[in-house]
Number of protein chains: 2
Amino acid sequence: MSAKPASPGRKKAGKGEETRAKILEAALALFMERGFEQTTMRAVAEEAGVSLGNAYYYFESKEELVQAFYERSHEEHLAATASRLEAERDFRKRVLATLHAKIDTSEPYHRFSGVLFRSAADPHSPLNPFSDASRAVREEAVQLMERVIDGSSLDPPADLRRELPYLLWLYEMGVILFWIFDTSRGRGRTRHLIDRTVPIVTRLISLGGNPILAPLRKAVLKLIRELRDGDAFAGGDAG
Amino acid sequence: MSAKPASPGRKKAGKGEETRAKILEAALALFMERGFEQTTMRAVAEEAGVSLGNAYYYFESKEELVQAFYERSHEEHLAATASRLEAERDFRKRVLATLHAKIDTSEPYHRFSGVLFRSAADPHSPLNPFSDASRAVREEAVQLMERVIDGSSLDPPADLRRELPYLLWLYEMGVILFWIFDTSRGRGRTRHLIDRTVPIVTRLISLGGNPILAPLRKAVLKLIRELRDGDAFAGGDAG
DNA sequence: GTCTATAACCGGATAGAC
DNA sequence: GTCTATCCGGTTATAGAC
């Protein structure tokens, strides 16, 4: 909100970048140890060996620490996915691998994920996946889906190809929403959801490539564009 | 958390029931006027003409005022739906009327709905639609879908009929999630979403009644039960 | 036993000195 | 870039009135 002296920046290596890292490490450790609500900013500062005010110099709010968590979680997903996609050309298996990798890498954070995502449904929160603040991570996640497609033997029609990465990302968001509420051991229900719905999704995509179904495909894509463009889900500040 | 002297109860008419109502009115008015975050409990108490401590006697937390809002919003939806369903037998039109009534009655709250629903994605929050605290409203909302079905000419197979009210409610939740992020004038995109997806949904339900598709129907219903039963989405305290 | 008020407490966030 | 001192508002403790 208030003016910040030459924002420490998300990625730039600066003088106090080390301090920033220290604070983030302390925060994540405490979040994992005792949860989000139970972790006070004072505790984070103390654990990091800095003052409260200093912690707020690097992170404008407690929520901003969550944003940093998102970025880390996404990077772990990228790393986990890379190796699993290496030798796989089958589109269905690539989607399966990507989603399971997401669940795998997110598992350590499940305990407090609910709190992390509590702002996910708030259009005014920078933490919602459609916000400007989330843009960088969102675009990278969509790009990941692009690689999932392009590295496969799938060759969808151009119009479908254009929307597909975003649609797959939306699908991933849905799976994550389910995952948040999933209390089963090993997130078994979410795994089940993935295993059962991915074949359906990939089947539909394949069907969409059939020339006979072109009119239907175009109608569906038109609807999707209408629902996304303009305001809702537009990715503006309010989502 | 702490012991409370014979909880004032949600609906019982008691001596101070009037005070409770005054506080709730004040809170809702202020929420609408300046939003959730900007409304302090002190302001609510002042507006209601009671002390801060008194406000907390009737509502254990600021969030509990939101729960009360949910109930009111639901009652308005019930009222608005009743008249619109009166003379309509067509299933598709009944679903359309029900969902549009939901959007109509929720519109006044849209401005601050994001904040109201910010805990909706937190499995540990009593505000999430799957929580114990939300049970009463949730069950009434599912029952509304039951009436939408039973008052129509639709006659689905027993196994589908059993799951259908809950599934329609889930569908409604999805529409509301979209609505939260919808900043278009008059919530036009959400209306569009409803108008375009309700026919698809009702078509699928009709198809599901076709004896030829019984095996497919049973497989789908089995998957749905598997995903719902057990832990995830079970409606326990953690969702 | 039901209700109401006052005075803290605690933690997120900010101001401003160094 | 880092600190100390405050502010502010949700929440709690508790005393006491009806």
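What you see is a predicted model; the values in this text were computed from it and never measured. Chain letters run A, B, ... following the sequence lines, proteins first, then strands; residues in each count from 1.
With dT4(C), dA13(C), dG10(D) as the choices, the nucleotide that has an atom nearest any side-chain atom of Asn54(B) turns out to be dT4(C). Considering only the side chain of Tyr56(B), dT12(D) comes nearest among dA13(C), dT4(D), dT12(D). Between dA7(C), dA13(C), dG1(D), one nucleotide has an atom nearer to the side chain of Tyr58(A) than all others, and that is dG1(D). Considering only the side chain of Tyr57(A), dT2(D) comes nearest among dT2(C), dT2(D), dT11(D).
Across the protein-nucleic acid pair, Arg20(A) atom CZ and dT2(D) atom P stand 13 Å apart, rounded to whole Å. Straight-line distance from the CD atom of Glu18(A) to the P atom of dG1(D): 13 Å, rounded to whole Å. The interatomic distance linking Leu52(A) (CG) with dA13(C) (P) rounds to 10 Å, in whole Å. Put simply, CD on Glu60(B) is 10 Å from P on dT11(D), counting in whole angstrom units.
With sequence neighbours excluded, no residue satisfies ring pair (Phe, Tyr, Trp, His ring centres under 6.0 Å) with His100(A). Among residues two or more places apart in sequence or in another chain, the side-chain hydrogen bond (donor to acceptor under 3.5 Å, both in side chains) test is passed with Ser106(B) by none. Remark: Glu107(A) pairs with Arg187(A) by the salt bridge (charged side-chain N to carboxylate O under 4.0 Å, His left out) rule, at least two apart or across chains. Annotation: side-chain hydrogen bond (donor to acceptor under 3.5 Å, both in side chains) contacts of Thr81(B) (sequence neighbours excluded): His77(B). A search for ring pair (Phe, Tyr, Trp, His ring centres under 6.0 Å) contacts involving Tyr171(B) returns nothing, not counting sequence neighbours. Partners of Arg72(A) under the salt bridge (charged side-chain N to carboxylate O under 4.0 Å, His left out) rule, at least two apart in sequence or in another chain, are Glu25(A). Under the rule for a salt bridge (charged side-chain N to carboxylate O under 4.0 Å, His left out), Asp195(B) has no partner lying at least two apart in sequence or in another chain.
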Enumerate the protein-to-nucleotides 14-18 of chain D contacts in which both atoms are nitrogen or oxygen and the separation is below 3.5 Å.
none

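The stretch residues 40-49 of chain A touches DNA chain C through Thr40(A), Met41(A), Arg42(A), each having a heavy atom under 4.0 angstrom from the strand. Proximity of residues 27-39 of chain B to DNA chain D (heavy atom under 4.0 angstrom from any strand atom) is restricted to Thr39(B).
For the salt bridge (charged side-chain N to carboxylate O under 4.0 Å, His left out) condition, the pairs that include at least one residue of residues 94-105 of chain B, sequence neighbours left out, are Arg84(B)-Asp104(B), Asp104(B)-Arg191(B). Residue pairs meeting the salt bridge (charged side-chain N to carboxylate O under 4.0 Å, His left out) criterion with at least one member in residues 36-54 of chain A, sequence neighbours excluded, are Glu37(A)-Arg118(A).
In this structure, Arg189(A) contributes its side chain and Glu226(B) its backbone to a donor-acceptor pair below 3.5 Å.
At the heavy-atom level, Gly53(B) lies under 4.0 Å from base atoms of the strands shown.
Using a 30° and 60° split on the angle between ring planes, Phe130(A) and Trp169(A) fall in the perpendicular class, above 60°.
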